[in-house]
Peer 1: 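The structure follows.
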Amino acid sequence: MLRIYNTLTRKVEEFQTLEPGKVKMYVCGVTVYNDAHVGHAMSAIVFDVIRRYLMYRGYEVRFVRNYTDVDDKIIRRAHELGEDPHRLAERYIQSFEEDMAALNVLPPTAAPRATQTMDKIIEMVQGLIERGYAYAPGNGDVYFRVSKDEDYGKLSGRRLEEMMAGARIEVGEMKEHPMDFALWKAAKPGEPAWDSPWGKGRPGWHIECSAMNLAELGEQIDIHGGGNDLIFPHHENEIAQSESFTGKPFARYWVHNGMLQLSGEKMSKSLGNIIPIKEFLRQREADVMRMLILNSSYRAPLAFNDEVLDAAEKSLERLRSGLKPALPGANGLSTENAQALSAQAEATRQAFCEAMDDDFNTPLALAALHDLVRAINTARDQGATDAQLAPAQAVLRELTGVLGLRLEKVSRHSDAAPFVDLLLQVRNELRKQKNWALSDLIRDRLKELGVTVEDTREGSTWHW
RNA sequence: GGCGUCGUGGCCAAGUGGCAAGGCAAGGGUCUGCAAAACCCUGAUCACGGGUUCAAAUCCCGUCGACGCCUCCA
């Protein structure tokens, strides 16, 4: 039985879907005014792993991730660059999708955009006004009336009275209550604008997610995800809008990932300490990022630095070692040892699922995989043939695949393989003649070209 | 100030009442012409101080420290 930590109740709960066998899942995407950074990658990977595991468990998952393609920051940036805001947004949507593909994050079932959900947004705002949850003071803005919503604050665990201190009203706003927030914002001259019953304007910060949920997934969903910095005010406001509009509980499970920490601080645009995904991928493989994330609980803050990245890289290499072929001259496992290997494969699959069932405990799941790798490597050392290794290696591929790891390196050098083979044949003759100087030279030079040679008594193997 | 999360070996990290997973690094060993890989072995009074319990890393109280949110943020 799968159990998930729910931010709404602050407890680990049994996972039960609204509809048997089906999961409706919404994750807050990005505001597209810049290249995505590794913090976005963390969130994307966390929810990708959750989605993949749900699929592995047999659920049909409908996964929606939105694009915020109109807001103040996009408009400001477009103005700075002298670019049309819509084109700017489009450009960064493309960039984001490239990054996600490179990170092996599965494409969402649907990727709605705020600008394409305008009818639904206006419908919701209007509905909220009719039900008394919102008001249009006449300046072209529409605000949500927090005092009308008795359980406002239930997700973030705050009360309205406590929030008063930090609240402030901007110049030009006409709010009844400082914590009221904009559902619709009047457009200033030159800004992107849509017609509405309240004049030309654009949606507020939170309503688009409520509207897109309604449009893509319906009134109620199973899982709502995002970074834990979105709990307040974004998700709090989303709940307020959605539940006030439909009168029904919105999301059953609220799931939030912890923040990436750069030198002890959260990585964020306002702090300026961001590392774009594209820059990261120039330095390291995508799977290194994924390994780093899998190595700790998705809810905890995650330190991001060269030291932990190096460790993640090595740990990934170790998982890969399990997929290496049999040794040259392998003459088969004893029945006893063969049984031990298949027993470990089965034990690992079970341990993996138990770990993942416990609120996606990926560090524990990885530990199970490392146990399997050790068993495979031991079997190989004991003389297992490729055929004998294959079933356990298939389990390793299956489970790492659930985590979204690609153990097989994508190699563009495959054309060169026959030549490396030839070179090693010649080198093997040199070794038989004990010409160590020349055979070591070949090994060193190949290493410089990215080919690692490993010798055994029976012969040599190599890999990129 | 309010709300919340957390402090486990050199580093990352699981475990949340019953002998402290796993990875990285380090040291020793097996194998090897050497190297690499692989395998084996070695290590923690669980921030500190009280308390509850037959039993506490795990529960309670206090202290210190770190981080997040309260303003756009994955």
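Reminder, nothing fancy here: chain letters follow the sequence lines and each chain counts from 1. Please read these numbers as outputs of a predicted model, since none were measured by experiment.
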Peer 1: Where the side chain of A:Thr378 is concerned, which of B:C72, B:C39, B:G33 is the nearest nucleotide?
Peer 2: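 Minimum distance to the A:Thr378 side chain belongs to B:C39.
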Peer 1: Could you check which of B:G22, B:C70, B:G33 has an atom nearest any side-chain atom of A:Arg158?
Peer 2: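 Looking only at heavy atoms from C-beta outward on A:Arg158, the closest nucleotide is B:C70.
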Peer 1: If you take atom types as modelled and just measure distance, does the side chain of A:Arg443 reach the base of B:C34 with a donor-acceptor pair under 3.5 Å?
Peer 2: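 Donor-acceptor pair under 3.5 Å: yes.
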Peer 1: I need the CG-C1' distance between A:Leu230 and B:G68, as an integer number of Å.
Peer 2: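 It is 13 Å, rounded to the nearest whole Å.
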Peer 1: Looking only at the side chains, is there a donor atom on one of A:Glu454 and A:His463 sitting less than 3.5 Å from an acceptor on the other?
Peer 2: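 Distance-only check passes for A:Glu454 and A:His463.
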Peer 1: Within the distance-only criterion (no hydrogens, no angle test), does the side chain of A:Asp386 pair as donor or acceptor with the backbone N or O of A:Ala326 below 3.5 angstrom?
Peer 2: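 It does hold such a pair.
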Peer 1: Roughly how far apart, to the nearest Å, are B:U58 and B:G18 at atom C1'?
Peer 2: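 One C1' to the other, the span is 11 Å.
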Peer 1: Is the side chain of A:Gln393 donor-acceptor paired with the backbone N or O of A:Gly322 at a distance under 3.5 Å, no angle test?
Peer 2: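 Side chain of A:Gln393 to backbone of A:Gly322: a pair is present.
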Peer 1: Rounding to the closest angstrom, what is the interatomic distance between B:A55 and B:C19 at atom P?
Peer 2: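 Roughly 15 Å separates the two P atoms.
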Peer 1: Is there, by distance only and without an angle test, a donor paired with an acceptor across the side chain of A:Asn228 and the base of B:G4 below 3.5 Å?
Peer 2: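 No, no donor-acceptor pair under 3.5 Å.
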Peer 1: Measuring from the side chain of A:Met259 (C-beta onward, heavy atoms only), which nucleotide among B:G2, B:G23, B:A74 has the closest atom?
Peer 2: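 Of B:G2, B:G23, B:A74, B:A74 is nearest to the side chain of A:Met259.
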Peer 1: Any strand counts, and the cut-off is 3.5 Å on both contacts for Watson-Crick or G-U wobble. Which nucleotide pairs with B:G1?
Peer 2: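 Its partner is B:C70 (Watson-Crick or G-U wobble, both distances under 3.5 Å).
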Peer 1: Have a look at A:Phe181 and tell me which of A:Tyr143, A:Phe144, A:Trp205 forms a ring pair (Phe, Tyr, Trp, His ring centres under 6.0 Å) with it.
Peer 2: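 Among A:Tyr143, A:Phe144, A:Trp205, the one meeting ring pair (Phe, Tyr, Trp, His ring centres under 6.0 Å) with A:Phe181 is A:Phe144.
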Peer 1: Just compare B:A37, B:A38, B:G22 and give me whichever is closest to any side-chain atom of A:Ala367.
Peer 2: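 Looking only at side-chain atoms, A:Ala367 lies closest to B:G22.
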Peer 1: For atom CZ of A:Arg445, decide whether the heavy atoms of other residues, nucleotides or ligands shown that lie under 6.0 angstrom number more than 12.
Peer 2: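 No, because the 6.0 Å sphere around CZ of A:Arg445 holds 12 heavy atoms or fewer from other groups.
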Peer 1: Considering every strand and a 4.0 Å limit on heavy-atom distances, what is the contact class for A:Asn377: base, sugar-phosphate, or nothing?
Peer 2: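 Sugar-phosphate: the residue A:Asn377, judged by heavy atoms under 4.0 Å, touches backbone atoms but no base.
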Peer 1: A:Arg159 has an atom CZ; how far is it from atom P of B:G4, in whole Å?
Peer 2: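 These atoms are roughly 11 Å apart.
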Peer 1: Checking contacts here: which listed nucleotide (B:A35, B:A25, B:C70) is nearest the side-chain heavy atoms of A:Lys314?
Peer 2: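 For the A:Lys314 side chain, the nearest candidate turns out to be B:A25.
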Peer 1: Check every atom of B:A14, B:A74, B:C11 against the side chain of A:Ser297 and return the nucleotide holding the closest atom.
Peer 2: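 So the side chain of A:Ser297 is nearest to B:A14.
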Peer 1: Across the strands shown, which category fits A:Ser156 at heavy-atom distances under 4.0 angstrom: base, sugar-phosphate, nothing?
Peer 2: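 Here A:Ser156 touches the backbone only, sparing every base.
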Peer 1: Before we go on, tell me: are the rings of A:Tyr92 and A:Tyr33 under 6.0 Å apart, centre to centre?
Peer 2: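 Ring-ring flag for A:Tyr92/A:Tyr33: false, centres at least 6.0 Å apart.
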Peer 1: State whether the side chain of A:Asp222 and the backbone N or O of A:Met25 hold a donor-acceptor pair below 3.5 Å, judged by distance alone.
Peer 2: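 Checked: no pair found.
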Peer 1: Report, as yes or no, whether the 6.0 Å neighbourhood of atom CD on A:Gln350 holds more than 12 heavy atoms from other residues, nucleotides or ligands.
Peer 2: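 Not buried by this count: 12 neighbours or fewer within 6.0 Å.
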Peer 1: Counting only N and O atoms by type, is there a donor-acceptor contact under 3.5 Å from the side chain of A:Ser210 to the main-chain atoms of A:Glu238?
Peer 2: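 A pair under 3.5 Å: yes.
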Peer 1: Touch check for A:Gly29, heavy atoms < 4.0 angstrom, all strands: base, sugar-phosphate only, or nothing?
Peer 2: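 The residue A:Gly29 makes sugar-phosphate contact but no base contact.
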Peer 1: Should the side chain of A:Arg374 and the base of B:A38 be counted as holding a donor-acceptor pair, with the cut-off at 3.5 Å?
Peer 2: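 No pair found.
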Peer 1: Starting the side chain at C-beta, find the nucleotide from B:C11, B:C24, B:C34 nearest to A:Glu307.
Peer 2: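 The closest nucleotide is B:C11.
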Peer 1: If B:C34 has a Watson-Crick or G-U wobble mate with both distances under 3.5 Å, name it; if not, just say none.
Peer 2: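 Base partner found: none.
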Peer 1: Could you state the atom-to-atom distance from CG of A:Asn428 to P of B:G33 in whole Å?
Peer 2: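 Rounding to the nearest Å, CG of A:Asn428 and P of B:G33 are 13 Å apart.
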Peer 1: Taking atom types as they are modelled, is there a donor-acceptor pair under 3.5 Å from the base of B:C34 to the side chain of A:Asp455?
Peer 2: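 Side chain to base: pair present.
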Peer 1: With respect to the side chain of A:Asp229, which nucleotide from B:A74, B:A37, B:C12 is positioned closest?
Peer 2: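 Nearest nucleotide to the side chain: B:A74.
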Peer 1: Given atom CE of A:Met25 and atom C1' of B:A74, what is their separation to the nearest angstrom?
Peer 2: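 The distance from CE of A:Met25 to C1' of B:A74 comes to 14 Å, rounded to the nearest Å.
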Peer 1: Any side-chain donor paired with an acceptor under 3.5 Å for A:Glu208 and A:Tyr67?
Peer 2: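 Note: A:Glu208 and A:Tyr67 side chains miss the donor-acceptor criterion.
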Peer 1: Base, sugar-phosphate, or nothing for A:Val453, non-hydrogen atoms under 4.0 angstrom?
Peer 2: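 Base, at least one base heavy atom under 4.0 Å.
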Peer 1: Does any nucleotide pair with B:U63 by Watson-Crick or G-U wobble geometry, both distances under 3.5 Å, and what is it?
Peer 2: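 B:U63 is paired, partner B:A47.
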Peer 1: From the options B:A37, B:A13, B:A74, select the nucleotide whose nearest atom is closest to the side chain of A:Ser296.
Peer 2: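 The nucleotide sitting nearest to the side chain is B:A13.
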Peer 1: Which nucleotide in the set B:G33, B:A74, B:A37 lies at the smallest distance from any side-chain heavy atom of A:Lys324?
Peer 2: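 The listed nucleotide nearest to A:Lys324's side chain is B:A37.
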Peer 1: Within less than 4.0 Å of OP1 or OP2 of B:C39, is there a side-chain N or O belonging to A:Arg318?
Peer 2: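 Checking A:Arg318 against B:C39: at least one side-chain N or O falls below 4.0 Å of OP1 or OP2.
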Peer 1: Does the structure show a Watson-Crick or G-U wobble partner for B:C39, both distances under 3.5 Å? Name it, or say none.
Peer 2: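 B:G29 - that is the nucleotide pairing with B:C39, both distances being under 3.5 Å.
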Peer 1: Need the pair for B:U58. Rule: Watson-Crick or G-U wobble, both distances under 3.5 Å, any strand; none if unpaired.
Peer 2: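 Base-paired to nothing in any strand shown.
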Peer 1: When rounded to the nearest Å, what value does the distance between P atoms of B:A44 and B:G22 take?
Peer 2: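 14 Å, rounded to whole Å.
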Peer 1: Using Watson-Crick or G-U wobble geometry with both distances under 3.5 Å, which nucleotide pairs with B:U16?
Peer 2: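 Pairing partner, where one exists within any strand: none, as none qualifies.
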Peer 1: Would you mind reading off the distance between A:Arg299 atom CZ and B:U16 atom P, rounded to a whole angstrom?
Peer 2: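 Distance, rounded to whole Å: 12 Å.
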Peer 1: Could you tell me whether A:Asp440 contacts a base, only the sugar-phosphate backbone, or nothing, with contacts defined as non-hydrogen atoms closer than 4.0 Å?
Peer 2: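 Counting heavy atoms under 4.0 Å across all strands, the contact made by A:Asp440 includes a base.
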Peer 1: Reckon A:Leu260 touches a base, only the sugar-phosphate, or nothing at all at heavy-atom distances under 4.0 Å?
Peer 2: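 If one applies the 4.0 Å heavy-atom cut-off, A:Leu260 turns out to touch a base.
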Peer 1: Please state the P separation for the pair B:C6 and B:C60 - nearest whole angstrom.
Peer 2: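 Each nucleotide's P atom is 12 Å from the other's.
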Peer 1: Measure CG/A:Leu366 against P/B:G15 and give the value in whole Å, please.
Peer 2: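 It works out to 13 Å between those atoms.
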Peer 1: Are A:His206 and A:His235, when compared by the centres of their aromatic rings, separated by less than 6.0 Å?
Peer 2: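 Ring centres of A:His235 and A:His206 not closer than 6.0 Å.
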Peer 1: With respect to the phosphate group of B:G22, does any side-chain polar atom (N or O) of A:His370 fall under 4.0 Å of OP1 or OP2?
Peer 2: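 No, because none of the side-chain N or O atoms of A:His370 sits under 4.0 Å from OP1 or OP2 of B:G22.
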Peer 1: Considering Watson-Crick and G-U wobble pairs with both distances under 3.5 Å, what does B:G10 pair with?
Peer 2: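 Its partner is B:C24 (Watson-Crick or G-U wobble, both distances under 3.5 Å).
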Peer 1: Suppose you measure atom P in B:U30 against the same atom in B:U45; what distance do you get, rounded to whole Å?
Peer 2: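 After rounding to an integer number of Å, I get 30 Å for this pair.
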Peer 1: For A:Gly157, answer base if it contacts any base atom (sugar-phosphate contacts may also be present), sugar-phosphate if it contacts only those atoms, and nothing otherwise; contact means non-hydrogen atoms under 4.0 Å.
Peer 2: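 Here A:Gly157 touches the backbone only, sparing every base.
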Peer 1: If you assign each of A:Met42 and A:Thr456 to its closest nucleotide in RNA chain B, which residue comes earlier from the 5' end?
Peer 2: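 Between the two, 5'-proximity favours A:Thr456.
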Peer 1: Can you tell me if NZ on A:Lys278 sees more than 12 non-hydrogen neighbours from other groups inside 6.0 Å?
Peer 2: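 Yes - once you tally the heavy atoms of other residues, nucleotides and ligands closer than 6.0 Å, there are more than 12.
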Peer 1: Rounded to the nearest angstrom, tell me the gap between atom CG in A:Leu302 and atom C1' in B:C6.
Peer 2: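 In whole Å, B:C6 C1' and A:Leu302 CG are 14 Å from each other.
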Peer 1: Calculate the interatomic distance between A:Tyr298 atom OH and B:C6 atom P; express it in whole Å.
Peer 2: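 Going from OH in A:Tyr298 over to P in B:C6 covers 12 Å.
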Peer 1: Under 4.0 Å from any atom of RNA chain B, heavy atoms only: list the residues of residues 351-363 of chain A that qualify, in numerical order.
Peer 2: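 Under 4.0 Å from RNA chain B: A:Asn361, A:Pro363.
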